[in-house]
Amino acid sequence: MKVLYFAWLRERIGKAEEDIAFPPGTETAGEAMAHLASLGEEYAYAFENPAIIRIALDRKHVPHETPLRDAREMAFFPPMTGG
Amino acid sequence: MKVLYFAWLRERIGKAEEDIAFPPGTETAGEAMAHLASLGEEYAYAFENPAIIRIALDRKHVPHETPLRDAREMAFFPPMTGG
Amino acid sequence: MPDPLIRVQAEPFDAAAESRRITAGRTDIGAVVTFTGLCRSEEGSLAALELEHYPGMAEDELARVAREALARWPLQGVTIIHRHGRIVPGEEIVLVVTASAHRRAAFESADFLMDYLKTRAPFWKKEHPASGAEGGWVAAKADDDAAAGRW
Amino acid sequence: MPDPLIRVQAEPFDAAAESRRITAGRTDIGAVVTFTGLCRSEEGSLAALELEHYPGMAEDELARVAREALARWPLQGVTIIHRHGRIVPGEEIVLVVTASAHRRAAFESADFLMDYLKTRAPFWKKEHPASGAEGGWVAAKADDDAAAGRW
């Protein structure tokens, strides 16, 4: 799946996007995040406080427990500060 | 005293302003209005519903019971509809 | 506290220029709200509005409500412009501009100013119908008083 | 119901032109509210803001909040423009324009749009200090969430 990172998540991980093949049994957006957090030190740092991370599936805000189903793009970012 | 009329008060009375010497004993803005209402048919028509008339003394909104004291300009008008 | 800019005029105004006048050269303003009130045609039934005002008192009352807003909210600028005379549908009647470091103060004070000037500023609207019939004075609305009572 | 006009762009915008775009040639609009959000220098401590956004989703979310406003208030026009990229103090960041027959709908919907886009639109601000030190990401404010919760 195409995975995007924004703001300090992007900076901590060191890339803006990548393709990730999530392991079988990865059902929800939150489980996908937990998998990413296991990919290395920079990921662990980015996701050290999972409760504050916002997730979008196919460009829509979703709760962490949302099933991935056939989503094609997932994005992780801190709370928004636009406006 | 200089007396001004605006909007439909001006139209009913047929003039925008005039000088009025109020009779001795005219203490308040409301009493001044009652005197004006006695000056003729057009005045009686203009002031037929005194409760809705707004009064300004020297260009400040005042309640009807406000003493005239040494005010130099009094204005009568309907509720405002600007904005 | 900045001085409010108050104008009562027959001429149209330029909302953008008034907004720029407040913000130009400054870097401490985070939010600018402009309110523009326009003359509606009421589905073609209105040919024009005639706005009568009390010269002198109109300016005084607009300045009074502006100073009240400046006392209640932390504002870096307040502008109120109110037109008088004949105004046709589509034309602008009134402009309020407020500027503040923060958006809440800018929104609330602009809203307050419109409510307050509607019930305090000595202006009266007469409608000239498109039919050519004799015009009538607009009646004050109870909900304008209620709106001003919110503050 | 009118289509909202949504733009996400690096370039500055022209608030007056956007307001005119909504009102031009119409006589059924009685109230136009514009909100402009500007970059503050924080008493000289800020050199610039860098606004990152999620292309595609940013436009979608702004359109979503605009459609929500159109569903909740009787509006004749809604425009939202949000800039991204480097923005220096004094420059404009965001514009919201709402137009309605009546002032209450125009005020409330503009206020709503700003509260909502702050908490839903995927934009992130990084501060570049005037000192030349490494910039930091602006933290989301709890009172922005509280403000959005009012609606």
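The sequence lines fix the lettering, A, B, ..., with proteins before strands; numbering per chain opens at 1.
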Taking the side chain as C-beta and beyond, is there a heavy-atom pair between [X] and [Y] under 4.5 Å?
X	Y	value
C:V94	C:F35	yes
D:V33	D:V97	no
D:V8	D:L62	yes

For the [atom1] atom of [X] and the [atom2] atom of [Y], what is their distance to the nearest 0.5 Å?
X	Y	atom1	atom2	value
D:I22	D:L75	CD1	CG	9.5 Å
C:F13	C:L95	CZ	CG	4.5 Å
D:I87	D:C39	CD1	SG	7.0 Å
D:L113	D:I80	CG	CD1	4.5 Å

Chain D contact via [X] - which portion, at a heavy-atom distance below 4.5 Å:
X	answer
C:A31	both
C:A17	neither
C:A110	both

- Task: Establish, yes or no, whether a centroid distance under 6.0 Å links the rings of D:F107 and C:F107.
- Result: no
Most contact-rich option vs chain D, by heavy-atom pairs under 4.5 angstrom, among C:A147, C:G90, C:A99, is C:G90
Turns out that what part of D:A24 lies under 4.5 Å from chain C's heavy atoms comes down to neither
Given D:A101, D:G44, D:A106, the one with more heavy-atom pairs under 4.5 angstrom with chain C than any other is D:A101
Tabulate, with distances rounded to 0.1 Å, every donor-acceptor pair spanning chain D and chain C at under 3.5 Å.
from	atom 1	to	atom 2	distance (Å)
C:T27	O	D:S41	N	2.8
C:T27	OG1	D:S41	OG	2.9
C:G30	O	D:L38	N	2.9
C:V32	N	D:T36	O	2.9
C:V32	O	D:T36	N	2.8
C:T34	N	D:T34	O	2.9
C:T34	O	D:T34	N	2.9
C:T34	OG1	D:T34	OG1	2.4
C:T36	N	D:V32	O	2.8
C:T36	O	D:V32	N	2.9
C:L38	N	D:G30	O	2.9
C:R40	NE	D:A101	O	3.3
C:S41	N	D:T27	O	2.8
C:S41	OG	D:T27	OG1	3.0
C:A101	O	D:R40	NE	3.3
C:R103	NE	D:D115	OD1	3.3
C:R103	NH1	D:D144	OD1	3.2
C:R103	NH2	D:D115	OD1	2.8
C:R103	NH2	D:D144	OD1	3.4
C:R104	NH1	D:D111	OD1	3.4
C:R104	NH1	D:D111	OD2	3.4
C:R104	NH2	D:D111	OD1	2.9
C:R104	NH2	D:D115	OD1	3.4
C:D111	OD1	D:R104	NH1	3.4
C:D111	OD1	D:R104	NH2	2.9
C:D111	OD2	D:R104	NH1	3.4
C:D115	OD1	D:R103	NE	3.3
C:D115	OD1	D:R103	NH2	2.8
C:D115	OD1	D:R104	NH2	3.4
C:D144	OD1	D:R103	NH1	3.2
C:D144	OD1	D:R103	NH2	3.4

Closest non-hydrogen contact found for C:L38 with D:I29 is CB-O, 3.4 Å
